[in-house]
Structure formats: C-alpha cells, structure tokens
Amino acid sequence: MSVKYVPVIWNRTKFVYDAVVLATVGAYLGIYIYIAPMFQTVTRPIDWDIYKAQAFGTCVFFLLTFILCIGPLARLDKRFLPLLYNRRHLGVITCVLAYFHVDNILGWYNAFSPINRYVSVFIVNTSFDRFLGFPFEILGVFALLILTILAVTSHDFWLHFLKPTLWKTLHMGIYLAYALVVAHVALGALQSAAGPFMTTAVGASVALVATLHLLAARKEHLFDTQQNTMDDSDTWMDAGDPKDVPDKRARIISITDDERVAIFRNGKKLSAISNVCAHQNGPLGEGKIVYGCVTCPWHGYQYRLEDGKSPPPFTEKISTYRLKLENGRLWLNVEALPPGTYVEPIVSPIMAEGN
C-alpha cells in the first residue's frame, strides 16, 4: 500500500519478479531467433525480420496464456499466489512486446508499399468471406488495442478513478484480447508454410487455460455449496473447531454462494471479517497477518482484525462479523456488521492453554 500514487512501488519482490520475467523473455527470443533457425528444413531460409516478428508475436501469445493461467492456479494452490501479486507487471510487458511485433511486421511487409503502412493493414486484404484467406491482421489490431487500454489503466489511480466494479469489468477484456490473439496466431499459422507446430501449440494452450478455469470453478462451486449447520434462529452458523484456524492465517466460511467470511486467529484471539478486499475484491482469507493486520495476498492492502479498517492514513474498510464459543465449537453470526464496526475478539480457552 502507498499513501500517494507513484509509478511503481518498487520492492525486492517486484525486482525479482520483473528480473525473472525479462530473463525468460530474453531467453525465449534468443532461442527463437538465433537457435531455432538451425533446425529449419525449409528450402529457402526465412528472412531475419520475419523471424523477429514471429518471435515477438509468439512470445506475446505464450505470455497471455501464462497470465490467464495464473488466476486459476492461485485458486487451486496457494503456492502460486506470488505469481498473482505482480501480474499487472507481466501484462504491461506483454503489451510492450506486442508493439515490437507490430513494428517488425509493418517494417517488413509494408516497407516498399506506396500505401501508408498503417492504412495498408485495413485495406490490402478484405477477404472476410473466406476462412484461410481471412485478414487475420485485423484481429491482431483489435487485440493490441485492448492490451493497450488494459496496460494504460493498470495503475491504481485508474482503479480509484473508475471504481472497482467498472475497473474489474474493463480488465475482464483480457479474455476477449486472448480470443483475438488465438484467432490471429492460428489463422496466421494456417496461412503460412510454417508447419503444424504453432497451430498445435495454440490448441494445447487454449485447452490448458480452459481446463484450469474449469477446475478452479469446480473447486469454488464445491466450497460454496458445502452444508453448514445453523442454529434455530438461522443467525449463527457452526464454524467448526477453533483449533482448525491456523495462527496468523484464516479459515474461510461460505455463508452464501457469493458471500464468504474469513475467521483469523492472531495468537489466542479469533476475529471474523469479510473475505473480500476493498481494493480489487481479493481473497483476504488466503492472506496472512503481518504486523497485526490482515494482509491481502493480491496487492498487500491491510486491515485491522477488530474493526476491519485499514491502518491510518488509509481509509479502506470492510465488514466485520461476531463470533462466539459454545461447547468447544466456534459459531459465526452470518449478519454482516457495517464496514468499520468494532467487534471485540474472542479468546479461545484452548488457545489460552498453549495450543
């Protein structure tokens, strides 16, 4: 979190993340451009500029595939959460690489044309009625436009300006951009003599993204539909054994299909807060307590356990919930209190004995 807007709040994690991404991208481009040509069996060697354009284009495709895999992977296994933390950096790098791809394409295929090279993309091929002859370049242009919008609005300033709901809706456009890139790459590969490798890679990538999203959705559905015991008033829900709440971590309880509560334990004390971060709806229950505050695993936003408020000078706040202990069981009041409402943490006798 930051008190004021800065271009990037650099820390060790971000440096390492970006260094690994850039090293991976550099290695991919180097292998594609300098090593892969040695294994080509085509009659006439492919031109250097075409190789560069293909290298940047395929790199963008695989990075987009990876970006869309991070979310469901983090839902399926918490060990992938570090990848999610700085995912926006990866998106911006992908957008920059897409512009390198476009520059190489236009610089080669339109270098000697009397038509403006930017205009030529839209008018040279108009075979919209054919599959193999379809002007796949147009699809790439629209994908680039979406990626540019997402990269430009990735900063928290735009999140605050547009508000979380609109901002999140806008950034769901990554799926449309991916669909356009898939069609762009697949049609381009089919219309070239590059062989079946790229079309096979596209199909495998799409299958991977779809499979991970389906598995994550199934896990979420099973969690949301689990049966929880309610008392006679339908106000208090059995939240299980207090010993099942790990120290400095949370146990997430599903109240309804779209409402979850995170029960945290801080030493001997137990508190319940909304599972939804006020920043980007991140899953607070998958975070941990750092310096006495719950820290969101997505972008590090923090909240006090007793009242759901961010520590000063920050102003974000979330709903809190009441807890009680009866016969060694933890009970959760399912009625959310107004955001920022103070609730006295409960102390578990079992925890007080040193467990």
Side-chain angles (χ1 to χ4, degrees), residues 74-78 81 164-165 215-289 292-298 301-310 316-355:
R75 310 303 300 171
L76 295 169
D77 192 326
K78 293 181 180 180
L81 282 172
T165 301
L215 290 174
R218 181 177 181 273
K219 179 181 179 181
E220 297 292 305
H221 175 71
L222 292 175
F223 181 85
D224 287 336
T225 55
Q226 65 183 3
Q227 297 297 318
N228 295 290
T229 304
M230 299 289 294
D231 67 355
D232 294 336
S233 66
D234 289 335
T235 301
W236 290 89
M237 174 184 290
D238 186 352
D241 192 324
K243 291 187 294 184
D244 292 338
V245 183
D247 191 25
K248 306 299 181 183
R249 297 279 184 175
R251 182 182 182 188
I252 302 174
I253 303 296
S254 178
I255 296 178
T256 64
D257 289 347
D258 57 359
E259 184 178 5
R260 295 177 180 177
V261 176
I263 301 177
F264 277 89
R265 177 161 75 90
N266 189 18
K268 303 174 183 179
K269 298 180 179 180
L270 293 163
S271 299
I273 59 175
S274 170
N275 189 55
V276 179
C277 179
H279 178 222
Q280 286 186 31
N281 299 329
L284 290 176
E286 296 177 12
K288 61 182 179 180
I289 298 174
C293 292
V294 174
T295 304
C296 181
W298 281 14
Y301 273 61
Q302 293 186 307
Y303 304 90
R304 296 191 300 238
L305 282 166
E306 62 273 13
D307 57 13
K309 293 181 179 179
S310 294
E316 290 80 10
K317 54 186 178 181
I318 56 176
S319 298
T320 54
Y321 294 80
R322 292 190 293 271
L323 292 171
K324 67 178 181 180
L325 282 169
E326 284 187 357
N327 301 320
R329 302 291 292 181
L330 187 63
W331 289 80
L332 167 71
N333 191 303
V334 298
E335 296 179 353
L337 300 173
T341 302
Y342 178 84
V343 177
E344 184 70 26
I346 65 171
V347 178
S348 170
I350 298 177
M351 305 300 177
E353 292 171 5
N355 294 315

How many angstroms lie between [atom1] in [X] and [atom2] in [Y], if you round to the nearest 0.5 Å?
{"X": "Ser310", "Y": "His279", "atom1": "OG", "atom2": "NE2", "result": "11.0 Å"}
{"X": "Ser254", "Y": "Met237", "atom1": "OG", "atom2": "CE", "result": "7.5 Å"}
{"X": "Ile273", "Y": "Arg260", "atom1": "CD1", "atom2": "CZ", "result": "14.5 Å"}
{"X": "Lys78", "Y": "Leu81", "atom1": "NZ", "atom2": "CG", "result": "8.0 Å"}
{"X": "Leu270", "Y": "Leu323", "atom1": "CG", "atom2": "CG", "result": "6.5 Å"}
{"X": "Cys277", "Y": "Glu316", "atom1": "SG", "atom2": "CD", "result": "8.0 Å"}

Smallest separation among heavy atoms of [X] and [Y], with atom names:
{"X": "Ser274", "Y": "Ile318", "answer": "O-CD1, 3.9 Å"}
{"X": "Gly308", "Y": "Tyr303", "answer": "O-CD2, 3.5 Å"}
{"X": "Arg75", "Y": "Lys219", "answer": "O-NZ, 2.9 Å"}
{"X": "Ala250", "Y": "Gly285", "answer": "CB-O, 3.7 Å"}
{"X": "Val334", "Y": "Tyr321", "answer": "O-CE2, 3.8 Å"}
{"X": "Arg249", "Y": "Glu286", "answer": "NH1-O, 3.8 Å"}

(message) Side chains of Thr295 and Gln302 only: does a donor on one sit below 3.5 Å from an acceptor on the other?
(response) yes
(request) May I have the step-by-step check of side-chain contact (heavy atoms from CB on, under 4.5 Å) for Gln280 and Trp298, ending in yes or no? (result) CA-CA 8 Å; Gln280 286 186 31; Trp298 281 14; 4.3 Å; yes
(message) Going by side chain to side chain contact (heavy atoms under 4.5 Å, CB included), Ile253 matches just one of Asn275, Leu332, Asp238. Which one?
(response) Leu332
Closer than 3.5 angstrom, by distance alone: can the side chain of [X] be matched with the main-chain N or O of [Y] as a donor-acceptor pair?
{"X": "Thr320", "Y": "Thr341", "value": "yes"}
{"X": "Asp247", "Y": "Gly267", "value": "yes"}
{"X": "Arg265", "Y": "Pro242", "value": "no"}

(message) Between Glu335 and Thr235, is there a side-chain heavy-atom distance shorter than 4.5 Å?
(response) yes
(request) Determine whether Leu330 and Leu325 make a side-chain contact, defined as any pair of heavy atoms from C-beta on separated by less than 4.5 Å. (result) yes
(request) Would you check, one step at a time, whether the test side-chain contact (heavy atoms from CB on, under 4.5 Å) holds for Asp241 with Arg329? (result) CA-CA 5 Å; Asp241 192 324; Arg329 302 291 292 181; 4.2 Å; yes
(message) Tyr342 vs Lys309, test: side-chain contact (heavy atoms from CB on, under 4.5 Å). Steps then yes/no.
(response) CA-CA 9 Å; Tyr342 178 84; Lys309 293 181 179 179; over 6 Å; no
(message) Checking Lys269 against Ile346 for the side-chain contact (heavy atoms from CB on, under 4.5 Å) test, could you report, in this order, the C-alpha distance in whole Å, the side-chain angles of both residues, the deciding distance, and whether it holds?
(response) CA-CA 6 Å; Lys269 298 180 179 180; Ile346 65 171; over 6 Å; no
